[in-house]
Each structure stands twice: as structure tokens, then as C-alpha cells.
Amino acid sequence: MENKQYILKERPYGDVTNDTFHMRRVSMPSLREGEVMVKTKYISVDPYMRGKMNEQKTYTEPYVVGKAIYGAVVGEVVKSKDKSYQPGDFVHGIMPWQEYCSIHTEDVTRVNVPKEDLPMALSVLGMTGLTAYFGMMKIGKPREGETVVISGAAGAVGTVAGQIAKLHGCRVIGISSSEIKNHYLENDLGFDDTINYLTTDDLDYELSRKCPDGIDIYFDNVGGKISDTIMEQMNFFSRVIVCGQISTYNSKEKNIGLRIQPMILTRSMLMQGFIVSNYHDEFPKAQNELAKWISEGKIKNRETIINGFENLPRAFMGLFRGANIGKQLVKVY
Ligand SMILES: NC(=O)c1ccc[n+]([C@@H]2O[C@H](COP(=O)([O-])OP(=O)(O)OC[C@H]3O[C@@H](n4cnc5c(N)ncnc54)[C@H](OP(=O)(O)O)[C@@H]3O)[C@@H](O)[C@H]2O)c1
């Protein structure tokens, strides 16, 4: 049987290109005691992977040049050397970008959803839904009537974060790069208003018009100039959830922005960064709550799915061009 794998061919300098990746044929994996062989169904492509393509270690180890890229995968067990897993079971884990791999069952979690709902295990019930949940609930702590601004609003994290804020009675303003995305946010997800950061001449003015009472919570997915502008309009006792800085991930220069300390001081603001894994012990509880909200129709999930293993680089690079609405996934089998 054929088995394909993507490796990191070279570290990108600036934008990621096709030269960053190389697809190669590898042999089918062997299977040891306690392992399952997994046929990859869906692969998640995520902005944090850009950081792992750099040489320096951050909160996570860098990818190794010449070795497989890896990330969150949902797959089907095709062979098992663990009595508690049978062929046909679905599992979630951190696995290589590979069609078939073997993995110890201690490193996977069982996915108990119907086959058609498998993408949800990588979106709203996966890492990005959990990120939205913990960022909003632990740092944002939304209260009825507050104004919430979300950048990267139409993406995997942003769509869920905005809906959680709506659930708590907030006024939610989303920022994205397109009218199609903003239409989706307002008409499908119930965001109160939106701003297109690419077409607006004056983001500061648009924000002040759409947030006449100032901003109580800013869920920052993008950083850079968008965030600098938003920071100026934060209220007393407001909270800034520093979730991601995607606008800076490809930059070749050091990013220098506002001096924010005086603002934080004089407005008694809270600004906190976080990594979703900080809350690992609370994942099951959060997943239950998210699943409940989905079943009650209070939260909608959306995935942008590209078919074909060979399209992994295209799907990944698309994140930096805003090609996705909701969670970007690649369907392999
Ligand atoms: N802290 C954590 O534990 C954690 C966990 C997961 C994700 N994150 C971070 O959260 C953010 C969102 O992640 P996600 O998985 O939900 O990705 P995503 O929002 O689904 O996809 C990325 C989106 O970022 C926007 N974008 C790309 N380049 C941009 C730029 N130069 N300026 C402004 N916007 C840009 C695009 O939307 P537009 O079309 O609207 O520009 C794109 O669709 C990322 O920064 C990610 O690193 C953090």
C-alpha cells in the first residue's frame, strides 16, 4: 500500500511558499503492542505551525528540517494492538502529516461522533474551539451589555469567541478582510456589527462609530496595526485577550508598536496572553459545555474543507491570505 508524508523541506524566511514543503513516499508503518494504525481522515492546518517552522524554540519545539510536519489529526483505526480499540473507531491526536501512521493509544483520544461530524473534533470541539472558550471565559469574563471586539473574527477561533460573547449578552463587533465573511458573521452568527479592515480608510473612526461606548473586551487574534488601533479605544477595567498575532508571523523585521503600559495603567486594564494547553485539565468540561451549546443551537460550527492530501501546503498558506471561513481542514480520506 502507498503511504505519503509531508516534511519541512526548508525553513521559510518571511512568507511560506511551496518550497517550504516536500511530499515523499514512505513505507507503511509497523505496529507495536499498545498501538493503533490510523488512516488519516482530516488534518488541521493552524497558524501556530508557522512558528514551529522557525528555528528558535518558543512555547513549543520547532519542526525539524527533513522530518515530518505534524499537528492535530482525526483518523480511523485500521489495525489495533490494543484491545480497547477496534478497526472502525475514530481517534484524535497529534500525528504526522501522513496518510497512515501508527501511534500509541496513550497519545490519542477517542472521537465519539457520527462520521459526518468528525470535522467538529478539530474545530469547535477541538483546539480552536477550546482556545475561544478559555480565552473568553478565563480572561475576557464577558458580562451582559459589554462591547466586545474580535479581530480575525471569521476564523476558527474568532467565530466561536464571538458566539460565546453573544451567549453572555454582549454586543459583538467582528473584524475581517471581506464582505462575504462579514455577511456570514452578522447574518449567520448574530454578530451585531462588523468592519472590513481592508476596505476601511480609517479603522479608528469606524471603531468609534461602531463602539460608541468604548470597548470592554478585545479578543486579539491578529496583533499589529489593527490591534494598536483597537487598544486606543479600550475602556476602564477592560480586558485584552492576547490569543494570536497572525499579522506578524511572517514578518522579517522586529515588530515595534505602541507603548501600551500608560494605557494599561491609567485605565486599569487587564492584558493577558495564554496558550490553550495551559487549561489542559479542564478540556473535558469545556468540550461538554461547547457540545451542549451546539446541541441547543446556541453555537454554530463552520469548516472550510479542502480535499486531498497533496493540498496541505495550499491549505496552510491560505490561512495567511484569509482563504478560510471558520476552521481550515484538509480531508485526506
Ligand atoms: N493562544 C492559543 O493557544 C491559540 C490557539 C489557537 C490559535 N491561536 C491564534 O489565534 C489566531 C486565530 O487562529 P485560527 O486558528 O482561528 O486561525 P483562523 O482565524 O481560522 O485563520 C487565520 C485568519 O487570520 C487572518 N489573517 C491572516 N493574515 C492576516 C493579517 N496579516 N492581518 C490580519 N488578519 C490576518 C485571516 O482572516 P481575514 O481574512 O479576516 O484577514 C485568516 O483567515 C491566530 O493568531 C492563532 O495563532 C492561538
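Only heavy atoms go into these numbers, but all of them, side chains included; no hydrogens, no water, no symmetry mates.
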**Q** Can a salt bridge be assigned to the pair K210 and D192 using a cut-off of 4.0 Å between side-chain N and carboxylate O?
**A** no

**Q** For the backbone of E310 and the side chain of Y6, can you confirm whether one donor and one acceptor N or O come within less than 3.5 Å of each other?
**A**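 Yes.
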
**Q** Considering only NZ, NE, NH1 and NH2 on the basic side and carboxylate oxygens on the acidic side, decide whether E99 and K4 come within less than 4.0 Å.
**A** yes

**Q** What about I226 and L198, same hydrophobic cluster or not, with Ile/Leu/Val/Met/Phe/Trp/Tyr joined at side-chain heavy-atom distances under 4.5 Å?
**A**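 Result: yes, single cluster for both.
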
**Q** Do V160 and T131 have side chains that get closer than 4.5 Å, going by heavy atoms?
**A**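 No, every pair of side-chain atoms sits at 4.5 Å or beyond.
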
**Q** Quickly, which of K181, H183, E186 forms a side-chain hydrogen bond (donor to acceptor under 3.5 Å, both in side chains) with T194? Name it, please.
**A**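 Checked K181, H183, E186 against T194; only one passes side-chain hydrogen bond (donor to acceptor under 3.5 Å, both in side chains): E186.
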
**Q** Give a yes or no on this: more than 12 heavy atoms of other residues, nucleotides or ligands lie within 6.0 Å of atom OH of Y13.
**A** no

**Q** Parallel under 30°, tilted from 30 to 60°, perpendicular over 60°: which one fits the rings of F134 and Y279?
**A**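 Rings of F134 and Y279: parallel, as their planes differ by under 30°.
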
**Q** Using side-chain heavy atoms (C-beta onward) and a distance below 4.5 Å, is M231 in contact with M263?
**A**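 Sidechains of M263 and M231: in contact.
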
**Q** Surrounding CD of E296 (heavy atoms of other residues, nucleotides or ligands, distance under 6.0 Å), is the total greater than 12?
**A**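 Check passes, neighbour count above 12.
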
**Q** With side-chain hydrogen bond (donor to acceptor under 3.5 Å, both in side chains) as the test, pick out the partner of K327 among N301, T128, D46.
**A** D46

**Q** Quick check on I180: does its CD1 atom have over 12 non-hydrogen neighbours (other residues, nucleotides or ligands) under 6.0 Å away?
**A**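 Open: at most 12 neighbouring heavy atoms sit under 6.0 Å from CD1 of I180.
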
**Q** Side chain to side chain contact (heavy atoms under 4.5 Å, CB included) for V64 and L8? Distances and angles first, verdict last.
**A** CA-CA 7 Å; V64 178; L8 181 69; over 6 Å; no

**Q** Does Y70 have its ring centroid less than 6.0 Å away from the ring centroid of Y63?
**A**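 Aromatic pair counts; centres sit under 6.0 Å.
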
**Q** Would you say I246 and N221 make side-chain contact, with heavy atoms under 4.5 Å?
**A** no

**Q** So for atom NZ, which belongs to K79, do other residues, nucleotides or ligands contribute more than 12 heavy atoms lying within a distance under 6.0 Å?
**A**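 Atom NZ in K79 is not packed in, count stays at 12 or less.
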
**Q** Could you check whether E289 pairs with K285 (Lys NZ or Arg NE/NH1/NH2 to Asp/Glu carboxylate O, under 4.0 Å)?
**A** no

**Q** In this structure, which one of K141, R171, R239, H168 forms a side-chain hydrogen bond (donor to acceptor under 3.5 Å, both in side chains) with E146?
**A** R239

**Q** Taking the six-membered ring of Y184, is the NZ or CZ of R302 close enough (under 6.0 Å from the centre) and on axis enough (within 45°)?
**A**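 Yes.
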
**Q** Does a salt bridge link R209 with E206, judged by any charged N lying under 4.0 Å from a carboxylate O?
**A**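 Yes.
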
**Q** Determine whether a donor-acceptor pair (N or O, by modelled atom type, separation under 3.5 Å) exists between the side chain of Q86 and the backbone of K83.
**A**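 Pair found, side chain donor or acceptor close to backbone of K83.
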
**Q** Identify whether M53 and M317 are in the same connected component of the hydrophobic contact network (ILVMFWY, side-chain heavy atoms under 4.5 Å).
**A**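 They do share one cluster, since a chain of ILVMFWY contacts under 4.5 Å joins M53 to M317.
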
**Q** Could you check W97 against V45 for side chain to side chain contact (heavy atoms under 4.5 Å, CB included), going step by step and ending with a plain yes or no?
**A** CA-CA 10 Å; W97 282 12; V45 290; 3.8 Å; yes

**Q** Between P62 and R11, which heavy-atom pair has the shortest distance, and what is it?
**A**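 Shortest heavy-atom separation between P62 and R11 comes out as CB-NH1, 4.3 Å.
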
**Q** Under the criterion side-chain hydrogen bond (donor to acceptor under 3.5 Å, both in side chains), which of N196, T159, N182 is the partner of S176?
**A**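 Between S176 and the candidates, side-chain hydrogen bond (donor to acceptor under 3.5 Å, both in side chains) is satisfied uniquely by N182.
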
**Q** Any donor and acceptor pair, going by atom type alone, linking the side chain of T200 with main-chain N or O of Y197 inside 3.5 Å?
**A**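 The answer is no, because no donor-acceptor pair under 3.5 Å joins these two groups.
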
**Q** Do the non-hydrogen side-chain atoms of Q233 and D204 ever get within less than 4.5 Å of each other?
**A** yes

**Q** State yes or no: do V111 and M37 share one hydrophobic cluster built from I, L, V, M, F, W and Y residues joined by side-chain heavy-atom distances below 4.5 Å, directly or via other members?
**A** no

